[in-house]
Amino acid sequence: LFESQKMDWFPSSFVFLFLALCIPSTECWNNGVARTPPMGWSTWNHFHRYINASLFYQTAQAMVDSGMAAAGYEYVNVDGGWWAGCDTGHIHRNSSGFFEVDKKKFPNGIEPIVKYLHSLGLKYGHYTDAGVSACNRDKPMSEYYEKQDVALFVSWGIDMLKLDACARQEGPEVVIKRWHDLFVKHGRTVLFSNCRNGCQTNRNGGWKSWCGAQTNMWRTSTDICSTWKCVMHNLDTLKGRGHVAKPGQWNDPDFLELDNGEFKYTGTQQNIDMNEAHFSMWCITSAPLIAGNDLRNMPKKIKDILTNKLAISINQQYNGDGGDLLTADGLAEVWYKPLPKNQAAVALLNRGPTGVAMNVSFSDLPVLQGKTTCTVENVWAATTTKTSKMFSQASVRPRQAVLAIIHSCM
């Protein structure tokens, strides 16, 4: 049930918490996966539709060699562009209605890639669209071909499916339930990722109980892009949503943009701050940690951010809430996530253009139960201090997030 490589620094008592939460009900699909926020990598943010089999073999090896696999990253995911006829407007399906794979990109098909990933202890994530056409208008996509597509994907041995929503004709709940039921019928456990088929914050009716009952994660936002403004926009869709996250069902503000676009590593302090802030906010909100950069050519600093054990432990632990905004003063925000054993994670986020003093009172963190003398572990500064009444920073730099774990309170 639990992946040892994700949990190797967690106390064994956490297992009870995971088992006690998300029992089978109408509000949680307990299919045994995503008991912690999923971790992995996806093609789209960096490569878009310019993909091939070599990219998957090389990326899988890079995930292992870089230490990312040991840190808990396990899914290696394709996104759009794998089908025959990509960008021609016409998707090739055979006489029985089954997808054909682009043989120029994947000469031997998808199955050998899946088998290779499994041989490394990794998992394969696939992609399709719930609509009649793909987002680039190639058609016919998966709507009205669901039976063939699920049967094909299961035959390949996929471990995860991201289901997009471009050109969907039917209502989101109807479509999602159909896919859910087909996976159950085929008997293969698949992490089901809902991309914009309902469930978004302030769009398409918002979150409903079926979002968690039928899928393991759902997009809260529009597509992410590699700018600070866009990342902050997607973060905003998590405000007020922490209470619906739990083992087996997670809010998804879209995949990570570290080392892409405005976040492309340059070595400047602000660039480092931005990459750390992006990762910090996905960690403290229990968002899936799906990297989107080129792992084959990854700067050491980016690797160090993506594999930081304390940051990942904040993301992977759960104690009744996925993490949420606590207070805001203009562009200065305090985010909070309760952790097991009366511990708290906090992020002091400065979204603004100038430095600002920030603090959070221990009395405002319910999980500390009124105790006011605590040990604070600053994740990115790698410091540990004992302090009373509050955690404060004289100056949080522009576009910086100070991420910390507060524990051992008296």
Side-chain angles (χ1 to χ4, degrees), residues 7 9-18 20-21 36-37 235 238-247 273 276-277 279-287 308-352 354-410:
M7 304 292 288
W9 60 83
F10 290 0
S12 60
S13 59
F14 291 171
V15 173
F16 175 78
L17 284 171
F18 287 129
L21 294 160
T36 59
L235 174 64
L238 297 176
K239 292 176 178 177
R241 295 288 291 266
H243 69 284
V244 301
K246 63 182 68 173
D273 287 344
E276 289 178 346
F279 195 65
S280 296
M281 302 318 296
W282 264 233
C283 284
I284 203 165
T285 53
S286 304
N308 185 284
K309 283 192 173 185
L310 279 179
I312 292 172
S313 74
I314 290 170
N315 176 264
Q316 297 286 285
Q317 295 181 64
Y318 181 80
N319 184 19
D321 191 278
D324 217 320
L325 178 69
L326 182 67
T327 62
D329 183 4
L331 295 175
E333 298 179 348
V334 177
W335 292 68
Y336 157 69
K337 179 181 177 180
L339 302 179
K341 294 191 173 182
N342 304 118
Q343 300 180 79
V346 296
L348 310 182
L349 173 65
N350 179 9
R351 300 170 64 143
T354 59
V356 60
M358 296 185 68
N359 65 74
V360 57
S361 297
F362 297 151
S363 61
D364 290 334
L365 308 177
V367 74
L368 302 184
Q369 298 182 335
K371 298 176 181 178
T372 58
T373 300
C374 302
T375 297
V376 178
E377 289 191 69
N378 186 318
V379 171
W380 304 120
T383 60
T384 302
T385 57
K386 195 168 186 176
T387 186
S388 296
K389 295 185 179 180
M390 67 175 62
F391 171 51
S392 63
Q393 294 286 285
S395 180
V396 180
R397 293 185 294 268
R399 301 186 176 184
Q400 181 188 18
V402 178
L403 182 65
I405 297 177
I406 300 169
H407 61 85
S408 304
C409 298
M410 299 183 292

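Just so you know, residue 1 is the first one in the sequence shown, and it goes up from there. It should be emphasised that the depicted structure is a prediction, and the values quoted were computed from it without experimental measurement.
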Q.
Could you walk me through whether Phe279 and Val379 satisfy the side chain to side chain contact (heavy atoms under 4.5 Å, CB included) test, starting with their C-alpha distance in whole Å, then the side-chain angles of each, then the deciding distance to 0.1 Å, before giving a yes or no?
A. CA-CA 12 Å; Phe279 195 65; Val379 171; over 6 Å; no

Q: Apply side chain to side chain donor-acceptor pair (under 3.5 Å) to Lys239 and list each qualifying residue two or more places apart in sequence or on a separate chain.
A: Asp236, Glu333

Q. Please, which pairs that meet disulfide bond (SG atoms under 2.5 Å apart) have at least one residue in residues 372-410, sequence neighbours excluded?
A. Cys374-Cys409

Q) NE2 of His407 to NZ of Lys341: how many Å apart, nearest 0.5 Å? A) 12.0 Å

Q: Sequence neighbours left out, what passes side chain to side chain contact (heavy atoms under 4.5 Å, CB included) with Arg397? Give chain and number order.
A: Gln269, Asp273, Gln400

Q: Working to the nearest 0.5 Å, report the span between CG of Leu403 and CD of Glu377.
A: 11.0 Å

Would you be so kind as to tabulate the donor-acceptor pairs closer than 3.5 Å made by side chains of residues 356-372, with sequence neighbours excluded?
none

**Q.** Partners meeting side chain to side chain donor-acceptor pair (under 3.5 Å) with Gln393 (sequence neighbours left out)
**A.** none

**Q.** Residue list, side chain to side chain contact (heavy atoms under 4.5 Å, CB included) with Ala245, at least two apart or on another chain
**A.** Trp250, Asn251

Q: Please list, chain by chain and in numerical order, all residues satisfying side chain to side chain contact (heavy atoms under 4.5 Å, CB included) with Ala287, sequence neighbours excluded.
A: Pro253, Trp282, Thr285

Q | Exercise: identify the closest heavy-atom pair between Ile405 and Ser313 | A | CD1-OG, 4.0 Å

Q) Which residues pass the side chain to side chain donor-acceptor pair (under 3.5 Å) test with Ser392, sequence neighbours left out? A) none

Q: Only counting residues at least two apart or in another chain, list the ones meeting side chain to side chain donor-acceptor pair (under 3.5 Å) with Thr354.
A: none

Q | Residues which pass side chain to side chain contact (heavy atoms under 4.5 Å, CB included) with Ala404, listed by chain and number, not counting sequence neighbours | A | Val346, Val376, Phe391

